[in-house]
Amino acid sequence: MEAHDVGTYVAHTGTDVYGPGKVIGTDGDWRRVRFVYFVATVAVGDLRAASAREEEEVCAWLMEKAARHGGNW
């Protein structure tokens, strides 16, 4: 999933302000990403694959949100 398809874990290439995230939508060269701290639309070129640690952080955050609020985060 090199193109950062829906469901892949990513991080921003230029800043860690967003925290790591999970791709939740695609539109051409843009990806909608549920970051730990924000939901944002980001150009594919500004994303990189998340490290194993970052992926674990996102998974833990998503599980906590689902346990607290229900639904599919």
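This structure is a prediction, so every number in the text was calculated from the model and none was measured.
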* **Shortest non-hydrogen contact between His12 and Phe35, atoms and distance** => N-CE2, 4.3 Å
* Asked: Just checking, is any N or O donor in the side chain of Thr13 or Arg48 under 3.5 Å from an acceptor N or O on the other one?
  -> no
* **Sidechain-backbone polar pair: Glu57 side chain, Glu54 backbone, donor-acceptor under 3.5 Å** => no
* Val33 vs Ile24 side-chain heavy atoms within contact, under 4.5 Å -> no
* Asked: Distance-only, no hydrogens or angles: does the Arg31 side chain make a donor-acceptor pair with backbone N or O of His4 under 3.5 Å?
  -> yes
* Going by heavy atoms in the side chains, are Val10 and Pro20 under 4.5 Å from each other? -> no
* Structure fact -> The reported gap from OG1 in Thr41 to CG in Asp46 (rounded to nearest 0.5 angstrom) is 12.0 Å
* Is any side-chain heavy atom of Glu56 closer than 4.5 Å to a side-chain heavy atom of Trp61? -> no
* Passes side-chain contact (heavy atoms from CB on, under 4.5 Å), Cys59 versus Tyr9? Steps please. -> CA-CA 9 Å; Cys59 289; Tyr9 295 95; 3.4 Å; yes
* **Hydrophobic cluster identity match, Leu62 and Tyr37, side-chain contacts under 4.5 Å** => yes
* **CA sep, side-chain torsions, deciding dist, call: Tyr18, Phe38, ring pair (Phe, Tyr, Trp, His ring centres under 6.0 Å)** => CA-CA 6 Å; Tyr18 296 106; Phe38 303 95; 5.6 Å; yes
* **Residue that, paired with Val23, satisfies side-chain contact (heavy atoms from CB on, under 4.5 Å) out of Val42, Val44, Thr8** => Thr8
* Derivation and outcome, side-chain contact (heavy atoms from CB on, under 4.5 Å), residues Thr26 and Arg32 -> CA-CA 6 Å; Thr26 65; Arg32 188 78 175 153; over 6 Å; no
